[in-house]
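One structure below.
Hydrogens, waters and symmetry mates play no part in the numbers below; they use all other heavy atoms, side chains included.
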Amino acid sequence: MAGTKELVITSRLIVEHGLTAEEYEKIRAILGREPNVTELGIFSVMWSEHCSYKSSRVHLQKLPTKGTRVLIGPGENAGVVDLGDNLAAVFKMESHNHPSFIEPYQGAATGVGGIIRDIFTMGARPIALLDSLRFGPLTAAKNRYLFSGVVAGISGYGNAVGVPTVGGECFFADCYGPNPLVNVLCLGIVRKGRIFKARAEGVGNPVIYVGARTGRDGIHGATMASEAFSEGSEERRPTVQVGDPFKEKCLIEACLELMETDEIVGIQDMGAAGLTCSTAEMAARGGVGVEVDLDQVPRREEGMTPYEVMLSESQERMLLVVKRGTEGKVKGIFEKWDLEASVVGQVTGDGVLRVKEKGTVVAEIPAKALVDGAPVYVRPMERPAYLDLVQKLDLSTLPLPLDYNEVLLTLLGSPNIGSKAMIFRQYDHMLYLNTVVLPGSDAVVLRVKGTRKGIALSCDGNGRYVYLDPYEGGKLAVAEAARNVVCSGAFPVAITNGLNFGSPEHPEIMWQSAFAVKGMAEACQALGTPVTGGNVSFYNETSGEAIFPTPIVGMLGVLEDISHATTQGFQKEGDLVVLLGETREELGGSEYLKVIHGLERGMPPLLDLGLEQRVQTACLEAIRSGLIASAHDCSDGGLAVALADSCISGVEGLLGIEVELQRGIRPDALLFGESQSRIVLSLREEALPALRRIADGHGVPLHVLGRVRGSRFLLQGSGFIIDLPVEAVRKAWQEALPTFFAR
């Protein structure tokens, strides 16, 4: 073939492309010759960790991916779950960690744009976004800069594109300072008969490029996301894309309008690796080839090389395969929305991705070699030595608090527990009026218009737990996400995930990730929540210091009747307060241990998956029976914090409680320990016998704690008392984040 020889391929150039010498030899064997520089770039992005999952694939196979409601699992742009009534939910989570550190506003904004495109590519109208964020402590100016930029980027893009950000979660720890995490989930609704896939079919069918013009922004974004940070990483702003939410809004409407016709054969977002990824993946999935003429690709910059055009990650671009003869109709729809549409190639029958410029072939690679031929590594693993130290915690050496009032107020003022309103109030979470349960409760609840159904969504993942025990921490992430959805009145159906770790080239990091996935797989199997897709983000480390291993779970639940939607706030004076589940003497990994004693040690809370499943089943049965006024998961901060949350978030404003706790364990563990499989309920007194029958029937412990009463927060027991005005409780909670910005 006639190739380009812009650069001589040296060992240094190979390394700069993130390829090993062995991988380069494999490329030579596939091609039967030396690659040119354009082909080297194409292989480098497609075989990057970000695109190929070459280090995680062997472990991801442990995750269950099939279920009665799963219509499409991993492998497509997003997972699809059956909602009934001829409707399906399309949802997925993606990360944009490295770009958000280099340029926080655009990094986060383009992360939102990319995940939205993954959803409407499937034929679904995007209706909701959730974010899961991790930053260093806000006492540092750099962390405040990253935090404010990311939040502004999410709100700026989401609000402008018209997809509401309806919830999420945020956590702060030192390890995220040099490497913040930005994981975004998007949900859309589609008719079951109108689901579109990313595959090319039909030899001779045209390949059409639609959307924004191609520039030099984002070149090598995929490979940048597949390497660790070091000194000077912030100077790599050219690898961060720039988004245009208004163009994306037009792209959504144009694509959805075209999808009402029968012209589309396949469609894919030009996300990571841009035109390279979309052409190669669509060809490989369809078992065909694709030929592309770069002279037809709309560009916004002069003098771009084939290398740059193929690897650009400019935003708001899609690639379509349509039926031959419909090109004019397709172009007409996109012109109506003021968008360019250009025929850039055609489907071929030889299985090759062939790229031409000015009539000359500049790249010629078997498509399956790029997609399915990437190396798969079984990397060395080694149990981290630090675990022997951090898992040790002797509670007998831990002094009990002198003032439990002060401890509670301090915990409520922790950024990890306090109000996140200053984040979500920047988001237009009421757009389309689908949001039934607003941000701030255990899970967001959305109505499915035209039906009685609702969808509940929750994002969860405690990196500190996973740091202390990756296997148990992986299980806990799934269990808490499911529990939050149950507390909203929904049945957990499936998950998407964002798996964030350090470099897989370190055996200790690989061990962390493998065991976290193993724990997640076990919990998903036990709770009946298969994995529909997601994202793996490795190399989240700077100068050799890795983040906490942080798997994030996005859980989707279904309410068959949205009238069952339940919130965490106490509803009525005089209601009983009840605890489902059991409190153990556990303080390892707790926010109390970190905030009050400065320790990140011990074993995370024990999780009995059988008990977890029974607690969730009992809670859901009680909600559906109309017995429950409120339901709230016990998690960060323990029982005292959960009770405080419920006091300050009811529909009638502030409601006090009077609670008597007698459990025979040390008071700080009773109040602030984070034992799992616990849910705080409130209900009418006359409903208690029915609730007891349900709990007994499922073998679930039930404890009557006290009553909703007055305007004071009163918890007492052997050796402790907390007695505060509820207004003081709310004030401490509300000021957690603003206090940090004021310093």
Side-chain angles (χ1 to χ4, degrees), residues 395 398-414 417-419 487 568-587 590-593 595-597 605 629-650 652-676 678-683 685 688 701-734 736:
L395 293 184
L398 207 65
L400 290 170
L402 299 176
D403 186 338
Y404 287 91
N405 283 350
E406 182 181 354
V407 171
L408 177 63
L409 294 177
T410 301
L411 282 176
L412 290 170
S414 162
I417 289 177
S419 171
C487 287
Q568 67 185 25
F570 293 141
Q571 302 294 303
K572 189 176 179 183
E573 179 98 9
D575 280 354
L576 292 179
V577 179
V578 172
L579 178 69
L580 291 183
E582 199 65 76
T583 303
R584 303 181 182 91
E585 194 166 85
E586 298 173 306
L587 286 173
S590 64
E591 188 73 2
Y592 165 78
L593 198 65
V595 171
I596 304 302
H597 296 283
S630 69
H632 186 25
D633 154 51
C634 284
S635 56
D636 297 345
L639 179 59
V641 166
L643 291 168
D645 288 342
S646 295
C647 284
I648 61 182
S649 54
E652 295 186 6
L654 301 182
L655 290 170
I657 53 168
E658 294 180 4
V659 164
E660 184 82 25
L661 297 174
Q662 299 292 341
R663 292 289 183 279
I665 62 175
R666 53 183 290 156
D668 53 354
L670 178 60
L671 292 167
F672 310 117
E674 297 174 3
S675 292
Q676 297 295 292
R678 296 184 300 165
I679 297 175
V680 171
L681 305 174
S682 68
L683 67 162
E685 188 164 4
L688 182 60
L702 183 152
H703 305 280
V704 178
L705 303 181
R707 197 176 292 274
V708 179
R709 178 176 292 160
S711 60
R712 297 194 70 80
F713 186 82
L714 177 60
L715 276 62
Q716 56 189 331
S718 177
F720 74 89
I721 185 169
I722 297 177
D723 187 3
L724 291 162
V726 178
E727 179 57 48
V729 171
R730 179 172 67 175
K731 186 172 186 293
W733 176 79
Q734 284 181 328

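Of all heavy-atom pairs between A669 and T583, the closest is O-CG2, 4.1 Å. A631 approaches C487 most closely through the heavy-atom pair CB-O, 3.6 Å. The two residues S718 and P667 come nearest to each other via the heavy atoms O-CG, 3.9 Å. The minimum heavy-atom distance linking P701 with E582 is given by the pair CB-OE1, 3.7 Å. Here the shortest heavy-atom pairing between S630 and G569 reads CB-O, 3.1 Å. What you find for C647 and F713 is that their closest heavy atoms are SG-CD1, 3.8 Å.
Taking CG of L412 as the reference point, atom CG of D645 lies at 7.0 Å (rounded to 0.5 Å). The CG atom of L714 sits 9.5 Å away from the CD1 atom of I722 when rounded to the nearest 0.5 Å. Rounding to the nearest 0.5 angstrom, the gap separating the NZ atom in K731 from the OG atom in S419 is 13.5 Å. Distance check, rounded to the nearest 0.5 Å: OG of S711 to CG of L724 gives 11.5 Å. Rounded to the nearest 0.5 angstrom, L643 CG and I657 CD1 are separated by 4.5 Å. Put simply, CG on D403 and CD1 on I721 are 11.0 Å apart, with the number rounded to the nearest 0.5 Å.
Ring pair Y592/F672 is parallel by interplanar angle, where below 30° counts as parallel and above 60° as perpendicular.
In this structure, D575 and L655 have side chains that are not in contact, with every pair of non-hydrogen atoms separated by 4.5 Å or more. Side-chain atoms of F720 and L400, non-hydrogen and from C-beta on, never get closer than 4.5 Å to each other. In this structure the side chain of L705 reaches within 4.5 angstrom of the side chain of H703, judged on heavy atoms. Between K572 and V708, every side-chain heavy-atom pair lies at or beyond the 4.5 Å cut-off. Taking the side chain as every heavy atom from C-beta outward, L671 and L661 approach each other to under 4.5 Å. Within the 4.5 Å cutoff, side-chain heavy atoms of Q716 are placed close to those of E660. Using a 4.5 Å heavy-atom threshold, the side chains of L398 and L593 count as touching. Looking only at side-chain heavy atoms (C-beta outward), D636 and V641 stay at 4.5 Å or farther from each other.
Within the 3.5 Å criterion, the main-chain N or O of E658 finds no donor-acceptor partner in the side chain of R707. Without hydrogens or angle criteria, E585 side chain to R666 main chain gives a donor-acceptor distance under 3.5 Å. Judged purely by atom type and a 3.5 angstrom limit, S682 has no side-chain atom pairing as donor or acceptor with the backbone of F570. Using modelled atom types, one side-chain atom of N405 and one backbone atom of D723 make a donor-acceptor pair closer than 3.5 Å. Judged purely by atom type and a 3.5 angstrom limit, S646 uses its side chain to pair as donor or acceptor with the backbone of Q568. Under the 3.5 Å distance criterion, the side-chain polar atoms of Q676 are matched with a main-chain donor or acceptor of E674.
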Determine whether E586 and S675 satisfy the following criterion, side-chain hydrogen bond (donor to acceptor under 3.5 Å, both in side chains), listing intermediate values before the conclusion.
CA-CA 6 Å; E586 298 173 306; S675 292; 2.7 Å; yes

Does the pair L654 and I648 meet the rule for a side-chain contact (heavy atoms from CB on, under 4.5 Å), with working shown?
CA-CA 5 Å; L654 301 182; I648 61 182; 4.0 Å; yes

Can you list the steps and then say if D668 with V407 is a side-chain contact (heavy atoms from CB on, under 4.5 Å)?
CA-CA 9 Å; D668 53 354; V407 171; over 6 Å; no

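Other residues, nucleotides and ligands contribute at most 12 non-hydrogen atoms within 6.0 Å of the CD atom of E685.
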